[in-house]
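First the structure, in the form of structure tokens, and then the observations on it.
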There are 2 protein chains.
Amino acid sequence: MFESVTIKDIAKALGVSTSTVSRALNGSYEIGTETKKLVLEYAEKINYRPNPIALSLKEQKSHSIGVVVCEVANDYFSQAINGIESIAYNRGYHVIITQTHESFDRESANVKHLLSRHVDGLLVSLSAQTTDTSQYKYLLDKGFPIVFFDRAATDLNTHKVIANNFKGAFEATETLLKAGFTKIAHITNSNNLLISRERLDGFKATLEQYGVEFNAAYIKHCNHGGMIRDEVEFALKELLNMAEPPEAIFSGSDRLTISCVSILKAMGIKIPEQLALAGFTNSDVVQLFDPPLTVVRQPAFRIGQMATEMLIKTIESKWPVEEFSTEKVDAELIVRSSSQKI
Amino acid sequence: MFESVTIKDIAKALGVSTSTVSRALNGSYEIGTETKKLVLEYAEKINYRPNPIALSLKEQKSHSIGVVVCEVANDYFSQAINGIESIAYNRGYHVIITQTHESFDRESANVKHLLSRHVDGLLVSLSAQTTDTSQYKYLLDKGFPIVFFDRAATDLNTHKVIANNFKGAFEATETLLKAGFTKIAHITNSNNLLISRERLDGFKATLEQYGVEFNAAYIKHCNHGGMIRDEVEFALKELLNMAEPPEAIFSGSDRLTISCVSILKAMGIKIPEQLALAGFTNSDVVQLFDPPLTVVRQPAFRIGQMATEMLIKTIESKWPVEEFSTEKVDAELIVRSSSQKI
DNA sequence: CTGAAAGCGCTAACAT
DNA sequence: ATGTTAGCGCTTTCAG
């Protein structure tokens, strides 16, 4: 490896012991002011940097946190990672990112891999396929710090940071209703995901409040979260081929919203004339779409930051954490023309 | 830390020495078949995983690679990181990502931070502000492995993976010329970046080949690479206020292309009727724009993979690497309506 | 074929 | 106030 200065080099150069150097560097009181100054100056001069690996071995901490997301190349997650990174960096942690590609097996393998790397804690957003959360339960029971963000597990007692999905879905549905649509379909991610269930609940609640009857045939679950285009296309075609096809769609995830636009365009369906659309997405370019999209945008950066703050707090807590909190942050509805009645 | 099984536990349980266990685990030949089997089985049974931190300390290798990019929340870089991750994961390396936000100071700090973390090598894409590459020179001279991707330094002798920027720019300009535009402006990133210079060269070469005179006033450099919207807006306004304003724009980066569309829309300028557009971007949703965008798309995922393969090869090379190669990969021109003459 | 011991860089008792 | 030493988990001479 690229050679570097050790505490031993300093000790030798100054004719003191390594422990003296260590004490000086760590600002211990039981050391002479003179010696301390000497060591500090010399260390500065030769640009000494403690070896984090040695520290990790000693402290049994790696100062790294593992991140599990479905994919990096996704507006929501890349923004969240940006937030995670910003906090972790400042707190001296580094971030190891892994992707599940919505597969439970990949997710399990990633968690194992991260643990074998001795990460100090985990920031996870479940894959769409995941129903078995026992590996997390096992870890949490042992006191291992885990914070879920966005896609949390319902049955696990730990810190969570999630968007107010119910409210976001409510507002999106409401804007569609207010625009004059009553036959509204909802295309959403796997029902395994809590976010899907919450968004569906928000959707239903809005209909109820506005006195519109709920039609179960208008709900389509895409279990791969839009990763498979055919799945979305199939759902869309089924909806359009109904005796009474919907007039509007509320889509429940980043990828689904984009897929819907893409597929409808390819099919020659005009938005919003033939089918209006409002959906969750964190893409910042949807106002440039044809038509500009009405979206629910989550504060992904902030969510990443909050989750990381909670995780580091848990990691650095002296006592086993027993009290867990769930932070809920509001998503923002941005109304544009895709949800307007022409 | 979350407890884990060590070689010592196995040794104790089996009544052998730690070195025997180590040898068995590492498939050394100087060990009895019986003992070996015993150890292997027991290790398997109790799910033993070697401590990577201890290994790192011993081997003086961290099995991690540092990545320096301007930002994660950018289509090009998130795709590249995806590629980096895919290779690194398979080769047992983990990836530490840092962002410069186009600032030289952040870049320097990130490199220092990564080094203090003892990464085994660096994958870097320079910030738009960077002109001083002496820190990399210093490291390279010491034999430290660095691979540049996308935004490489000209004066440094090391591995590089870049897109064929000249060709990409040539084709984009050509499609504009063939559509019938002759007054073409070029908005690009800081001239500090080699990619900017190569793209400008490609632009000039096309004009020359098609016998169109080059007009220096049609070249606008945005030194913050589109991070600052006003900068792009100012450039665009200057162009439009010229006595002979351009009929088309060729934009030289992801962020600039998107910014141009966004600003022109806000200004009420119709694309391509009033101003046609073709530009570099890796966004996968630009065909949904109004109008669908003509773009040069780079194989970012592949570039990330190649750079990582080269880096790991260099890291694991027994002998100091003296021969460096520059891999050039083709970008793809995708023609859509933003570059058509109406 | 196997065990003992040193050492990677650092900290923290435990001496002096 | 400073030095000595052990130990974190592992590999690797060096003995036997």
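Throughout, protein chains are lettered first and strands after them, A, B, ... in sequence-line order, and every chain is numbered starting at 1.
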Whole-Å distance, B:His63 NE2 to D:dC10 C1', equals 13 Å
Given atom CD1 of B:Ile31 and atom P of D:dG16, what is their separation to the nearest angstrom?
21 Å
Taking all non-hydrogen atoms of both residues, which atom of A:Val68 and which atom of A:Val111 are closest, and how far apart?
CG2-CG2, 4.3 Å
Length of the CG-C1' vector between A:Leu55 and D:dG7, whole Å
15 Å
Closest nucleotide of DNA chain C for B:Thr33 versus for B:Lys58: which of these residues is on the 5' side?
B:Thr33
Contact span of DNA chain C against chain A, any nucleotide atom under 4.0 Å from a heavy atom, 5' to 3', runs C:dC8 to C:dA13
How close do A:Thr20 and A:Ile31 get, heavy atom to heavy atom, and via which atoms?
O-CD1, 3.5 Å
Under the rule for ring-ring contact (aromatic ring centres under 6.0 Å, His included), what residues qualify as partners of A:Phe301, not counting sequence neighbours?
none
I want to check a possible cation-pi pair here: B:Arg106 against A:Tyr89, using under 6.0 Å from ring centre and within 45° of the ring axis as the test.
yes
Under 3.5 Å: donor-acceptor pair, side chain of A:Asp120, backbone of A:Ile65:
no
So, B:Glu71 versus A:Asn82: side-chain donor-acceptor pair below 3.5 Å or not?
no
Among residues 34-51 of chain A, which ones have heavy-atom contacts with DNA chain C below 4.0 Å?
A:Tyr48, A:Pro50, A:Asn51
Distance check needed: D:dT11 P versus B:Ile53 CD1, whole Å only.
14 Å
Could you give the angle between the helix axes at the two ends of the helix from C:dC1-D:dG16 to C:dT16-D:dA1, with five pairs per end, rounded to 10 degrees?
60°
Got a donor-acceptor contact below 3.5 angstrom from the B:Glu107 side chain to the B:Thr100 backbone?
no
For DNA chain C, which residues of residues 14-23 of chain A approach it to below 4.0 angstrom with any heavy atom?
A:Ser19, A:Ser22, A:Arg23
Result for side chain to side chain contact (heavy atoms under 4.5 Å, CB included) between B:His94 and one of B:Pro52, B:Ser62, B:Ser64 points to B:Ser64
Give the minimum heavy-atom separation between B:Leu25 and B:Val39, together with the two atoms involved.
CD1-CG1, 3.9 Å
NZ of B:Lys36: more than 12 outside heavy atoms within 6.0 angstrom?
yes
Under the ring-ring contact (aromatic ring centres under 6.0 Å, His included) definition, can you give me all pairs with a residue in residues 54-74 of chain A, not counting sequence neighbours?
A:His63-A:Tyr93
Round to the nearest Å and state the distance from A:Lys61 atom NZ to D:dG9 atom P.
15 Å
Could you tell me whether the side chains of A:Asp105 and A:Ser103 share a donor-acceptor contact shorter than 3.5 Å?
no
Closest non-hydrogen atoms of B:Ala24 and B:Leu40, given as atom of the first, atom of the second and distance, are O-CD1, 3.7 Å
What nucleic acid atoms does B:Leu57 come within less than 4.0 Å of, heavy atoms only: base, sugar-phosphate, or nothing?
base
